[in-house]
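Notes for the one structure printed next.
FYI, the numbering just counts along the sequence from 1. Keep in mind that the numbers below use all heavy atoms, side chains included, and drop hydrogens, waters and symmetry copies.
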Amino acid sequence: MPDNDWQIHQGSIAERGKFILKTGLWSDCKFVVSNAQNRKEFKAHKLILSMSSPVFEKMFQNNFDESENDINIVDIQPEAFGAMLNYIYADEIKIQSFDQACELCYIANKYMMPKLLKHCTSYIWKDVNYTNACRGYEFAKLFDQHQLMEKCKKIIQNQTSAIVTHSSFTEIQLSTLKMILEETALNISEAELFKAVESWTRAEFERRDICGNEHLEEQQAIYSELVPHICFLSMRPTEFAEGPAVSSLLTKDQAFAILMNLSSPNCSYPMPPGFSKMSRKKQADDSNKNIFLGWPLENYTPTNNLPMSESSLNFCCNKDIEIVGVMVMGQIHTNSRPSLGEKYRENLNIYIQDLLSKKYECSSYKSTVEYAARLDIYFSSPIKISHGRTYKLGIVLNQSGSYMSGTLHAKELIYKSVNFTFFNSDQPMFINGIIFSF
């Protein structure tokens, strides 16, 4: 049992929330969350859960048996469910991995918690790379996150070879593999792509328990969904003969027809019905297309920030671009000789407003960072900037401390064909650069 005066030792509402969640004090319901590997019980409080989610509110109002307080959850990982409760009770979101972020998104959608969903989506957007782009695509497709879908597809196109050799590739969904094969340009040879399809089908047969010869009909059904999308005409004849021609993915008749077409482009022998006649393009890797444009700030001055300090400027651009984020210098230490690598807790918001439509987009950033480090702060998704329109770009510093501010005297900055024009830029700025693409 907790001490009688436990409230005195818990200084904030969040700390008290975490305390009653951890101890189960006054709990009136219990969740049993389990999967094949793990099982965990969580004591909770109907009132607090109902305040946080309309789904919990309706669940406790309708058909909830007071005599049977156990609520079984089988579609969620126990660790992710615990993270959701920590968010509800203490307003803390601690995401430790890409997979956990995807799991929390599922939970946030299931229990109708839009703030949690937005935070998790933002984490996924920043963290997506070749090791998880396929998983990210599947997540984005499930939740209709179209911009994230396109970002994941771009990574898949640019870094195909690295993706198909990663251990997670054989775990992707059939529909995701079909999407990859239907792309007109990939950064991989067709022979390497064919080998990846072979590896994936072997893993899929094991998942479906159809590995033996007695399951040839079921295996062929999977082959028929994938193999016709492989661009065999992108291969060299010897490359095809030494690999795909002797693979179980093709029948002898199919292999012969393809080889005839590879050997003689003017061959009148038809390709197998439904097979691609396309020669796939080699996609160049332009995954590093984001431009980091530093601003030539002048008159740098240490500024002691009070919480909620704000700086902003207005700008327009001569062509359509996308603003991805901004560059900010972290706090400077008040000690003239700080310890190497010493860190502090940063907390800030960035925003863009279209001054014509008044549409407003913002993103929050909370992280432990080193003093005086350059921070690249990203919006949850790229912000489309239309040429000729005026936008307001700003930052709000929520953390007390000392920051370097400077003045942007330049009225124009040019990067290749992109021309930025700035207005009211003579005020001290905490933003010292912009991240964009075009």
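Between the Asn158 side chain and the Lys154 main chain, a donor and an acceptor come within less than 3.5 Å of each other. A distance-only check finds a donor-acceptor pair linking the side chain of Asn318 to the backbone of Asn419 [under 3.5 Å]. Looking at Tyr269, its side chain never comes within 3.5 Å of a backbone N or O of Leu259 through a donor-acceptor pair. In terms of modelled atom types and a separation under 3.5 Å, the side chain of Ser224 and the main chain of Ala221 share a donor-acceptor contact. Of the possible polar contacts, one joining the Glu190 side chain to the Cys231 backbone as a donor-acceptor pair under 3.5 Å is found. Formation of a donor-acceptor pair under 3.5 Å by the Ser247 side chain with backbone atoms of Gly243 is not found in this model. Side chain of Thr201 to backbone of Glu198: a donor-acceptor contact under 3.5 angstrom is found. A donor-acceptor pair is defined here as one N or O able to donate and one able to accept, closer than 3.5 Å; no such pair exists between the side chain of Lys392 and the backbone of Ser312. Here the side chain of Ser234 pairs a donor or acceptor atom with the backbone of Arg280 at under 3.5 angstrom. When atom types are taken as modelled, the side chain of Ser367 and the backbone of Val369 share no donor-acceptor pair closer than 3.5 angstrom.
In this structure, Ser175 and Lys141 have side chains that are in contact, with non-hydrogen atoms separated by less than 4.5 Å. Within the 4.5 Å cutoff, no side-chain heavy atoms of Asn398 are placed close to those of Lys366. In this structure the side chain of Cys105 reaches within 4.5 angstrom of the side chain of Thr121, judged on heavy atoms. Between Asp320 and Lys384, the closest side-chain pair of non-hydrogen atoms is not below 4.5 Å. Counting heavy atoms from C-beta outward, Leu174 and Trp200 have side chains that approach closer than 4.5 Å. Residues Ser417 and Phe438 are in side-chain contact: their nearest non-hydrogen atoms beyond the backbone lie under 4.5 Å apart. Side-chain contact check for Leu250 versus Phe232: some heavy-atom pair is nearer than 4.5 Å. Counting heavy atoms from C-beta outward, Ser52 and Tyr89 have side chains that stay 4.5 Å or more apart.
No more than 12 heavy atoms of other residues, nucleotides or ligands lie within 6.0 Å of CE in Met51, so this atom counts as exposed by the packing criterion. Dense packing is recorded around CZ of Arg389, with more than 12 heavy atoms of other residues, nucleotides or ligands lying under 6.0 Å away. The 12-atom threshold is exceeded at CD of Glu182, counting heavy atoms of other residues, nucleotides or ligands nearer than 6.0 Å. Few gaps surround NE2 on His215; more than 12 heavy atoms of other groups in view lie less than 6.0 Å from it. Annotation for Met112: atom CE does not count as buried by contact number, only 12 or fewer foreign heavy atoms lying within 6.0 Å.
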**Asked** Are Leu49 and Leu85 close enough, and set up right, to give a side chain to side chain contact (heavy atoms under 4.5 Å, CB included), and what steps lead you there?
**Response** CA-CA 8 Å; Leu49 297 181; Leu85 290 178; 3.8 Å; yes
**Message:** Assess the residue pair Leu348 and Gln399 against the criterion (side chain to side chain contact (heavy atoms under 4.5 Å, CB included)); give the C-alpha distance rounded to whole Å, side-chain angles, the decisive distance to 0.1 Å, and a yes or no.
**Reply:** CA-CA 7 Å; Leu348 57 83; Gln399 190 72 27; over 6 Å; no
**Request:** Take Leu356 and Thr390 through the side chain to side chain contact (heavy atoms under 4.5 Å, CB included) test and state the conclusion after the steps.
**Result:** CA-CA 7 Å; Leu356 180 62; Thr390 303; over 6 Å; no
**Request:** Apply salt bridge (Lys or Arg N to Asp or Glu O under 4.0 Å) to Lys153 and Glu183, showing your working.
**Result:** CA-CA 9 Å; Lys153 286 178 71 174; Glu183 291 294 323; 3.7 Å; yes
**Message:** Run the ring-ring contact (aromatic ring centres under 6.0 Å, His included) test on Phe205 and Tyr223 for me, step by step, so that the C-alpha distance in whole Å, both residues' side-chain angles and the decisive distance to 0.1 Å come before the verdict.
**Reply:** CA-CA 11 Å; Phe205 294 164; Tyr223 291 152; 5.7 Å; yes
**Message:** Pair Met113, Tyr87 - check side chain to side chain contact (heavy atoms under 4.5 Å, CB included), show working.
**Reply:** CA-CA 10 Å; Met113 291 185 281; Tyr87 163 71; 4.1 Å; yes
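One finds the SG atom of Cys134 at 4.0 Å from the CD1 atom of Ile180 (value rounded to the nearest 0.5 Å). In this structure, Ile188 CD1 and Thr160 OG1 are separated by 6.0 Å, a value rounded to the nearest 0.5 Å. Within the model, atoms CZ of Arg208 and CD of Gln219 stand 11.0 Å from one another, a figure rounded to the nearest 0.5 Å. With values rounded to the nearest 0.5 angstrom, Ser364 atom OG is found 8.0 Å from Lys115 atom NZ. Going from atom CG of Leu413 over to atom CG of Leu293 covers 5.5 Å, rounded to the nearest 0.5 Å. Once rounded to the nearest 0.5 Å, the distance linking CD of Gln147 with CD1 of Ile383 reads 7.5 Å.
A side-chain N or O of Asn38 and one of Glu79 form a donor-acceptor pair less than 3.5 Å apart. In this structure, a donor-acceptor pair under 3.5 Å is present between the side chains of Thr131 and Asn129.
Checking Tyr415, Phe422, Phe430, Phe420 one by one against Trp295, the ring-ring contact (aromatic ring centres under 6.0 Å, His included) holds for a single residue, Phe422.
Between Lys178 and Leu226, the shortest heavy-atom contact is CG-CD2, 3.7 Å. When all heavy atoms are compared, the tightest approach of Asp28 to Lys46 is OD1-N, 2.9 Å. A pairwise comparison of heavy atoms in Ile76 and Val33 identifies O-CG1, 3.3 Å as the closest pair. Here the closest non-hydrogen pair linking Gln173 and Glu138 is N-OE2, 2.8 Å. The two atoms that bring Met327 and Ile434 nearest to each other are CE-N, 3.6 Å, heavy atoms only. Taking both residues in full, the closest heavy atoms of Leu104 and Ala80 are given as CD2-O, 3.5 Å, listed atom of the first, atom of the second, then distance.
Under the rule for a ring-ring contact (aromatic ring centres under 6.0 Å, His included), the partners of Phe139 that lie at least two apart in sequence or sit in another chain are Phe143. Under the side chain to side chain contact (heavy atoms under 4.5 Å, CB included) criterion, Met329 pairs with Met404, Asn432, sequence neighbours left out. Partners of Lys343 under the side chain to side chain contact (heavy atoms under 4.5 Å, CB included) rule, at least two apart in sequence or in another chain, are Thr368, Glu370. Contacts of Asp75 classified as side chain to side chain contact (heavy atoms under 4.5 Å, CB included), with partners at least two apart in sequence or in another chain: Ile73, Tyr106, Lys110. Under the side chain to side chain contact (heavy atoms under 4.5 Å, CB included) criterion, Ser437 pairs with Lys289, Asn290, Glu322, Val324, not counting sequence neighbours.
Checked for salt-bridge contact, Arg207 and Glu204 meet the test: a charged N lies under 4.0 Å from a carboxylate O.
Taking the six-membered ring for Trp and the full ring otherwise, Phe194 and Phe240 have centroids separated by 6.0 Å or more.
Residue pairs meeting the ring-ring contact (aromatic ring centres under 6.0 Å, His included) criterion with at least one partner in residues 342-365, sequence neighbours excluded, are Tyr344-Tyr371, Tyr351-Tyr360.
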